[in-house]
Amino acid sequence: MEAVYRHGKRLVLEDERKTEELKKAIVQALLEVKRKASCEAENGILFYLVLGMAQKKSRMICEAESISQLKQMMKPCQPYWSNGKFKPGPYHVPEEELLIWSELSLEAVLSADGYKRYAELFMELFPGEGEKIFGKKPFSL
């Protein structure tokens with residue numbers, strides 16, 4: 001996690017197109033991603049999933065062009081419901097969404113649609129393991 005953070009920080013601080021205010025906000029956002037990822041890893045969450053989330057989220061954050069855009073990027077990854085299916089938002093990170101669904105499933109039983117979305121993401125990120133658990137594309141994915 002430290003390497004992801006340091007790499008992103010270096011890229012941002014060297015970017016002459018960004019204002020100092022934006023650079024500072026991005027570095028703070030990168031630090032927040034690092035903290036969240038480290039906490040997830042310490043809680044025993046699969047490191048591959050946590051690292052993937054940290055890398056993708058950090059890469060996206062480094063490309064922010066404004067503080068308002070950065071604020072949107074920092075919001076938890078929440079898909080929206082449209083035409084009977086979950087659709088990702090503009091700053092979607094599948095690993096982050098899977099982490100959220102996983103946490104939700106520990107607190108409450110997922111609805112049928114929530115379970116389908118969880119399975120869809122799991123199959124996308126872990127195709128071999130997903131097939132063993134859920135079978136071959138068990139839902140209209």
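Treat the numbers as computed from the prediction; the structure is a model and nothing was measured. Both backbone and side-chain heavy atoms feed into the values below; hydrogens, waters and symmetry mates do not.
The two residues I100 and P76 have their closest heavy-atom pair at CD1-CB, 4.0 Å. In this structure, V4 and S58 approach most closely via the heavy-atom pair CG1-OG, 3.6 Å.
For the side chain to side chain donor-acceptor pair (under 3.5 Å) with Y91, the lone residue among K57, Q69, K75 that qualifies is Q69.
Here the straight-line distance linking atom CZ of R117 with atom NZ of K85 works out to 7.5 Å at 0.5 Å rounding. Here W101 contributes atom CH2 and K116 contributes atom NZ; the two are 12.0 Å apart, rounded to the nearest 0.5 Å. Taken to the nearest 0.5 Å, the CE atom of M60 stands 13.0 Å off from the CD atom of Q55. For the atom pair CG of L70 and CD of E63, the computed distance is 12.0 Å after rounding to the nearest 0.5 Å. Taking CG of D15 as the start and CG of L22 as the end, the distance is 8.5 Å to the nearest 0.5 Å. Atom CD1 of I67 and atom OG1 of T19 lie 6.0 Å apart (nearest 0.5 Å).
Looking at heavy atoms from C-beta onward, F126 lies out of side-chain contact with I133 at the 4.5 angstrom threshold. At least one side-chain heavy atom of M1 sits less than 4.5 Å from a side-chain heavy atom of F47. Looking only at side-chain heavy atoms (C-beta outward), F86 and Y80 stay at 4.5 Å or farther from each other. Residues I61 and M74 form a side-chain contact, since some pair of their non-hydrogen atoms from C-beta on lies under 4.5 Å apart. You'll find the side chain of E103 reaches within 4.5 Å of the side chain of E40, heavy atoms only. Within the 4.5 Å cutoff, no side-chain heavy atoms of Y5 are placed close to those of V33.
For K18, the NZ atom counts as densely surrounded, since its 6.0 Å shell holds more than 12 non-hydrogen atoms of other residues, nucleotides or ligands. The neighbour count for E14 CD, taken as heavy atoms of other residues, nucleotides or ligands under 6.0 Å away, is above 12. Crowding of R10 atom CZ: a count of heavy atoms from other residues, nucleotides or ligands under 6.0 Å exceeding 12.
Between the side chain of N43 and the backbone N or O of C39, at least one donor-acceptor pair lies under 3.5 Å. Counting only distance, with no hydrogens or angles, the side chain of S105 and the backbone of S102 share a donor-acceptor pair below 3.5 Å.
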Verdict with supporting geometry, L49 and M53, side-chain contact (heavy atoms from CB on, under 4.5 Å): CA-CA 6 Å; L49 184 63; M53 182 276 298; over 6 Å; no
Stepwise salt bridge (charged side-chain N to carboxylate O under 4.0 Å, His left out) test for E129 and K132: CA-CA 5 Å; E129 293 83 357; K132 290 175 190 173; 6.0 Å; no
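Residues V27 and L11 do not share a hydrophobic cluster, defined by chaining ILVMFWY side chains whose heavy atoms lie under 4.5 Å apart.
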Under 3.5 Å, sequence neighbours excluded: what are the donor-acceptor pairs made by side chains of residues 106-114?
| from | atom 1 | to | atom 2 | distance (Å) |
| --- | --- | --- | --- | --- |
| S111 | OG | G114 | N | 3.0 |

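Salt bridge present: K23 and E20 bring a charged side-chain N and a carboxylate O closer than 4.0 Å.
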